[in-house]
Amino acid sequence: MADGGCMTVRTIIPVILSGGSGTRLWPMSRPEMPKQMLALTAEESMLQLTAGRARGERFAAPIVVANAAHADLVEEQLKTAGAEAQALILEPTGRNTAPAIALAAIAAGETGAGSGDALLVMPSDHVIADLPAFHAAIAAALPMVAQGWLVTFGIAPDAPEIGYGWIQVGEELAAGVHRVARFVEKPPLDKAQAMLASGDHAWNGGIFLFRADAYLAALAQHDPGILVATTDAMRLARREGTRIYPDAEAFAASPDDSIDYAVMEKADRVAVIPVAMGWNDVGSWDALHAISERDEHGNAHRGDGDGSVLAIDTKNCLVRSDGVKVALVGVEDLIVVASGNDVLIMPRGRSQEVKKLIAAMKDR
């Protein structure tokens, strides 16, 4: 029935993608402790906050897809948050979002999910400030999801952002639900400015809702290599309780494609729900400063314990420390991050250049 048969969506299974490394938030975010495991925006980690967005009568326990090296950390954080996973799929290597979601869709079927269950795919490292708006968008999507549509959530844009993909919003299919006219890769500034001015584009936030069978059917049609490899990897997987270790050799044979490229840009029945829900992907220290609570001087200071950050006559600075004392006097527009033996100092507005530092450190 993945070709468009209509049914009622009984249950929503959250699928949390937690395989990223978050290198742009170095030195706090590292391969062994990536940003989704950090409490960057609240007392809970970003992974815990993500799990908390999909709780309630309609939602099942989550399926989490993560790096095998983070298995203990993921389980510990979810248990602390009261959101233990029904399945923890541990990737032997990163193969992008399309294969990761395929693993989750196959696992959903194995755990008894029928065609009437939907997958709510969420990256583990995003911020959503307005949960009622998010839940309203999910509710608006469900009738289309029941008909076999693949739904993405378009973020209402407030800037000509060149770091995100964009979605052109097409004809309205139902209240608040539109056909996707086209997906746009990360644009140059002039194109982003034109799309923002047009009023009919949204940012691509990478959050999706669809039936598991509809997604697997779309893969079979548009990128069958992913479906074959992930099916083999799950058939040969090793299982330990809720942990699933897909077969490494079979999974390595999968094409390394994003869900956008493998499925969403090619499938016919793809819808978008534009929504303003206080979304941010916290992709840089500048982004964190923008969404953080700031004092009357524009500072966002946070340390591990009392007294680890001391700032006098500072303005518009972001300071983070996980232990070492950081003291600032008479400065403004700086980002200062101290973690372990590493300290990062840069002007605000240049935090995207952290990736240059990472590359330089790899070369040394």
Side-chain angles (χ1 to χ4, degrees), residues 1-3 13-21 31 34 36 62-71 74 85-115 117-125 148-152 165 183 185 204 206-270:
M1 296 189 65
D3 59 354
I13 303 173
V15 173
I16 301 175
L17 304 180
S18 186
S21 57
Q36 63 267 29
I63 294 173
V64 180
V65 185
N67 186 317
H70 302 148
V74 169
Q86 63 172 283
L88 175 57
I89 303 173
L90 299 165
E91 294 179 295
T93 185
R95 302 303 288 161
N96 217 315
T97 53
I101 297 166
L103 295 176
I106 295 165
E110 292 177 350
T111 56
S115 297
D117 290 324
L119 305 181
L120 175 62
V121 179
M122 300 179 291
S124 61
D125 55 359
W149 285 72
L150 309 175
V151 177
T152 185
F183 287 89
E185 298 295 327
N204 186 352
I207 303 171
F208 308 95
L209 186 67
F210 38 65
R211 287 180 0 215
D213 63 332
Y215 178 69
L216 294 175
L219 268 182
Q221 181 179 357
H222 301 293
D223 206 326
I226 291 177
L227 183 60
V228 170
T230 53
T231 300
D232 287 345
M234 290 295 281
R235 178 174 53 84
L236 299 170
R238 176 168 55 91
R239 289 166 168 79
E240 297 177 1
T242 58
R243 291 187 182 187
I244 300 174
Y245 295 84
D247 181 77
E249 184 177 353
F251 191 59
S254 172
D256 184 342
D257 287 337
S258 70
I259 180 178
D260 293 319
Y261 178 79
V263 172
M264 303 299 281
E265 294 179 6
K266 299 172 182 176
D268 293 327
R269 295 161 62 83
V270 179

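Everything numeric here is computed off the predicted structure, so don't read it as measured data. Side-chain atoms are counted along with the backbone in the values below, which use heavy atoms only and exclude waters and symmetry mates.
Ile16 contributes atom CD1, which lies 5.0 Å from atom CE of Met122 (distance to the nearest 0.5 angstrom). Rounded to the nearest 0.5 angstrom, Leu209 CG and Tyr215 OH are separated by 14.0 Å. Atoms CE and CZ, from Met264 and Phe210 in turn, are 6.5 Å apart once rounded to the nearest 0.5 Å.
In this structure, Asn67 and Ser18 have side chains that are not in contact, with every pair of non-hydrogen atoms separated by 4.5 Å or more. Contact annotation: the side chain of Phe251 approaches that of Leu103 to within less than 4.5 Å [non-hydrogen atoms, C-beta and beyond]. The shortest distance between side-chain heavy atoms of Phe208 and Val151 does not fall below 4.5 Å. Side-chain contact check for Ile89 versus Pro246: some heavy-atom pair is nearer than 4.5 Å.
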Step by step, would you call Gln86 with Ile63 a side chain to side chain contact (heavy atoms under 4.5 Å, CB included)?
CA-CA 6 Å; Gln86 63 172 283; Ile63 294 173; 3.7 Å; yes
Let's go through Leu119 and Asp117 carefully: what are the C-alpha distance in whole Å and the side-chain angles of both, what is the deciding distance for side chain to side chain contact (heavy atoms under 4.5 Å, CB included) to 0.1 Å, and is it a yes or a no?
CA-CA 7 Å; Leu119 305 181; Asp117 290 324; over 6 Å; no
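Residues in residues 87-104 take part in these side-chain hydrogen bond (donor to acceptor under 3.5 Å, both in side chains) pairs, two or more places apart or across chains: Asn96-Asp256.
Under the rule for a side-chain hydrogen bond (donor to acceptor under 3.5 Å, both in side chains), Tyr261 has no partner lying at least two apart in sequence or in another chain. Judged as a side-chain hydrogen bond (donor to acceptor under 3.5 Å, both in side chains), and not counting sequence neighbours, the contacts of Asp232 are Arg235. Residues meeting the side chain to side chain contact (heavy atoms under 4.5 Å, CB included) test with Ala218, sequence neighbours left out: Leu150, His222, Val263. By the side-chain hydrogen bond (donor to acceptor under 3.5 Å, both in side chains) test, Asp223 pairs with no residue at all, sequence neighbours left out. With sequence neighbours excluded, the residues satisfying side-chain hydrogen bond (donor to acceptor under 3.5 Å, both in side chains) with Asp260 are Asn204.
Across Asp247 and Ala250, no two heavy atoms sit closer than the pair OD2-N, 2.9 Å. Between Leu227 and Thr231, the shortest heavy-atom contact is O-OG1, 2.7 Å. The minimum heavy-atom distance between Ala262 and Lys266, with the atom names listed, is O-CD, 3.7 Å. Residues Gln36 and Gly19 approach most closely at NE2-N, 4.2 Å, considering heavy atoms. Nearest heavy atom pair, residue Pro34 against residue Pro31, reads CD-O, 3.7 Å. Scanning all heavy atoms of the two residues, the minimum distance from Ile226 to Ser254 falls at CG1-OG, 3.7 Å.
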